2 protein chains.
Amino acid sequence: MTGKFCACIAQSMQYHRAPATTTFPELFELFVQAVLPQSLADAAYLQLQAMGRYASAVAGGVILEDGDQHQVVFVAQGATKLVAHASGGREQVVAFHFEGDLISVSSRGAHSYTLCALQDCELVAFPAEDFLGLARSEPGLLNEVLDRVLTSLSRSREKLITLGRKTAQERVAGFLVTMAERIGTPREGGCLLHLPMSRRDMADSLGLTIETISRQLTELREAGLIATSGRSDVHICDIAALEARAGQLAAAA
Amino acid sequence: MTGKFCACIAQSMQYHRAPATTTFPELFELFVQAVLPQSLADAAYLQLQAMGRYASAVAGGVILEDGDQHQVVFVAQGATKLVAHASGGREQVVAFHFEGDLISVSSRGAHSYTLCALQDCELVAFPAEDFLGLARSEPGLLNEVLDRVLTSLSRSREKLITLGRKTAQERVAGFLVTMAERIGTPREGGCLLHLPMSRRDMADSLGLTIETISRQLTELREAGLIATSGRSDVHICDIAALEARAGQLAAAA
DNA sequence: CGGCGGTTTGAACACGCTCAAGGTGGGTGG
DNA sequence: CCACCCACCTTGAGCGTGTTCAAACCGCCG
């Protein structure tokens with residue numbers, strides 16, 4: 001089941017299933033474009049380049065586990081999930097990440113976390129201490145990091161509302177809306193969505209079971225709000241109606 | 001019901017129910033001790049002192065509402081809750097804050113948030129933009145802020161596990177353990193807890209109803225894990241047993 | 001084309017919710 | 001200072017949403 005450990009922030013290229021043949025400089029450049037402020041000093045740039053570690057992971061593989069060194073990970077390509085483990089084999093997906101996202105897993109808490117690849121991934125990893133140490137002397141970078149962490153916090157809080165106070169229907173509808181915003185591609189009057197995660201991942205993200213996810217998707221399909229093809233392609237026909245079903249803001253009592 | 005709006009980051013002292021007669025310098029000093037790095041430049045100190053606004057709020061009062069200027073709030077005294085609002089009057093408590101906490105409500109998301117006082121509070125508030133602008137040139141401060149935001153994120157994620165994958169019993173037990181860590185005072189072989197929030201607040205925090213909270217507390221009391229006196233005093237007799245019931249980590253399948 | 005894992009669908013069950021009726025603490029006013 | 005009173009809390013009974021268990025289906029990869 002667990003796609004097995006694969007590339008745990010290794011030193012160099014490790015291709016397992018022929019991801020696009022990108023090189024470290026290319027990946028690092030993606031990181032630079034996405035994360036670094038333009039004002040960054042050359043010295044800092046070089047230091048980052050030196051401390052960055054290139055890693056790749058196959059779909060299903062573990063990227064970071066509880067017990068690993070604390071790392072800051074940049075997703076250059078692919079998609080990942082951050083999973084928390086509770087007793088009894090229960091799992092909770094705490095966040096999904098896509099291209100351009102920066103991940104910091106600071107697990108001060110009673111649970112253990114694992115970062116997993118949903119698809120084949122290309123990653124750049126930095127030892128968190130070094131990275132933040134450098135950032136400390138580069139306010140522009142630190143500020144960018146703060147901004148991204150605040151976004152993570154905001155997403156996490158939105159998810160709290162979902163898990164605490166929403167029905168299954170609202171959760172699934174809201175999930176599709178959020179995914180559409182993050183990785184959807186617009187189509188005439190709608191949005192095309194290729195979901196990199198399984199029903200189980202969705203269930204573990206929304207605090208439901210795969211059966212419930214499936215039933216709700218069926219219901220949304222029969223209501224004409226979405227159309228599905230294959231296991232992971234969803235065409236959102238009516239985003240406004242979906243948002244309404246997600247029960248975001250006060251409407252009717 | 002809602003204790004009504006009271007002191008929305010006002011300019012000066014506003015005593016409503018005789019909180020301890022602290023002065024702005026005293027409150028600011030508390031902020032300095034709790035948040036500022038020792039390395040902070042005098043100029044930055046003075047700037048902060050100039051931009052800080054003193055505010056007080058009575059129990060139940062609203063401190064920040066959706067639509068207010070984005071603020072960074074320091075809790076010098078008292079306790080607060082950050083509440084998110086969903087449709088149908090449903091509420092989700094996203095976080096509790098106590099003395100020494102620094103709150104940043106950046107609501108990028110589909111829901112609206114309100115910061116409320118649980119008890120009479122003494123607060124120091126800064127316009128977020130100015131505060132972060134200053135922090136940008138003071139890496140020590142920015143770093144402290146980042147650290148606190150990371151703690152918030154970590155707490156939020158722990159809460160996600162709770163809301164997504166735990167039973168009522170585990171939620172209540174976990175809640176008590178967390179509160180014990182944050183505001184408990186050790187007693188022979190146990191811990192004394194004075195809860196500043198109502199059953200409704202707990203319910204809205206744990207994604208349950210007040211009835212369920214009450215039933216679970218009764219169950220824990222009858223199991224001899226806790227003893228209660230009055231509405232808000234809890235004596236935790238056996239923390240280890242409580243932690244076990246919170247189902248933190250893998251134990252038995 | 002064949003088989004396996006993931007998904008869908010169905011039926012029965014359970015946990016926590018809803019609705020309703022007492023209790024009780026603690027704050028207020030006499 | 002004590003009694004009153006109201007909001008908050010507790011307890012109970014029945015219900016509903018989502019779970020659990022089980023079986024059929026199907027998309028995807030060999």
Side-chain angles (χ1 to χ4, degrees), chain A residues 1-4 17-18 58-60 88-91 118-120 162-173 175 194-222 226-234 245 247 253, chain B residues 1-4 16-18 58-60 88-91 118-120 162-173 175 194-222 226 228-234 245 247 253:
Chain A
M1 166 145 292
T2 1
K4 216 66 214 120
R17 201 177 298 215
V58 292
R90 292 172 292 180
E91 301 200 332
L118 293 172
Q119 308 170 312
D120 294 346
T162 299
L163 297 190
R165 287 288 178 235
K166 301 227 168 164
T167 64
Q169 174 97 179
E170 291 173 323
R171 294 184 199 202
V172 174
F175 172 79
H194 182 82
L195 297 173
M197 69 289 284
S198 68
R199 297 287 185 266
R200 167 148 302 286
D201 293 327
M202 296 185 218
D204 286 343
S205 169
L206 298 175
L208 299 168
T209 59
I210 50 174
E211 293 94 331
T212 301
I213 300 284
S214 188
R215 276 186 258 269
Q216 294 304 331
L217 286 176
T218 300
E219 207 164 301
L220 290 175
R221 190 182 332 109
E222 288 174 348
I226 62 172
T228 58
S229 88
R231 276 166 181 167
S232 42
D233 284 319
V234 177
R245 293 223 183 188
Chain B
M1 164 145 288
T2 2
K4 217 65 216 117
H16 297 258
R17 199 176 303 215
V58 291
R90 292 172 293 182
E91 301 199 333
L118 293 172
Q119 309 171 311
D120 293 346
T162 299
L163 297 190
R165 288 288 177 235
K166 301 226 167 161
T167 64
Q169 175 97 178
E170 291 173 322
R171 295 184 198 202
V172 174
F175 171 79
H194 181 82
L195 297 173
M197 69 289 284
S198 68
R199 297 289 186 266
R200 166 148 302 287
D201 293 326
M202 296 183 216
D204 286 343
S205 169
L206 297 175
L208 299 169
T209 59
I210 51 175
E211 292 94 331
T212 301
I213 300 284
S214 188
R215 276 186 258 268
Q216 294 304 331
L217 285 176
T218 300
E219 207 164 300
L220 291 174
R221 190 183 331 112
E222 287 174 349
I226 62 172
T228 57
S229 89
R231 278 166 179 168
S232 42
D233 284 319
V234 177
R245 292 222 183 187

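All of these numbers come straight from a predicted model, not from anything done at the bench. Proteins get letters first, then strands, A, B, ... in listed order; numbering begins at 1 in each.
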Given atom [atom1] of [X] and atom [atom2] of [N], what is their separation to the nearest angstrom?
X       : N       : atom1 : atom2 : answer
Q216(B) : dC17(C) : CD    : P     : 10 Å
I210(B) : dG16(C) : CD1   : P     : 17 Å
H194(B) : dG26(C) : NE2   : P     : 9 Å
R171(B) : dG16(C) : CZ    : P     : 7 Å
Q169(A) : dG16(D) : CD    : C1'   : 16 Å
E211(A) : dA14(C) : CD    : P     : 16 Å
K166(B) : dC15(C) : NZ    : P     : 18 Å
R215(A) : dT8(C)  : CZ    : P     : 11 Å

Item to check | Side chain of S214(A) (C-beta onward), nearest among dC19(C), dT8(C), dT10(D) | outcome: dT8(C)

Item to check | Of the listed nucleotides dG23(C), dG27(D), dG18(D), the one nearest the side chain of R231(B) | outcome: dG23(C)

Does [X] reach the side chain of [Y], with side-chain heavy atoms less than 4.5 Å apart?
X       : Y       : answer
L163(B) : R171(B) : yes
R200(B) : I213(B) : no
R215(B) : E219(B) : no
L208(A) : Q216(A) : no

Next on the checklist: Counting only side-chain nitrogens and oxygens, does T218(A) get under 4.0 Å of the OP1 or OP2 atom of dT8(C)?
Outcome noted: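 Answer is no, no contact under 4.0 Å.
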
Checklist entry - Side-chain N or O of T209(A) less than 4.0 angstrom from OP1 or OP2 on dT20(D)? => result no

Item to check | Criterion side chain to side chain contact (heavy atoms under 4.5 Å, CB included) against V172(A), the qualifying member of T212(A), L206(A), T167(A), I226(A) | outcome: L206(A)

Next on the checklist: Using heavy-atom distances to pick each residue's nearest nucleotide on DNA chain D, tell me which of G230(A) and R165(B) is more 5'.
Outcome noted: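 Result of the comparison: R165(B).
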
Next on the checklist: So S198(A), base contact, sugar-phosphate only, or nothing? Heavy-atom distance under 4.0 Å.
Outcome noted: sugar-phosphate

Checklist entry - NA contact type, L208(A), heavy-atom cut-off 4.0 Å: base, sugar-phosphate, or nothing? => result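 Sugar-phosphate, backbone atoms only, no base.
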
Checklist entry - Quick one: the side chain of R199(B) and the base of dC8(D), do they pair up donor-acceptor inside 3.5 Å? => result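 In this structure, the two groups form no donor-acceptor pair.
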
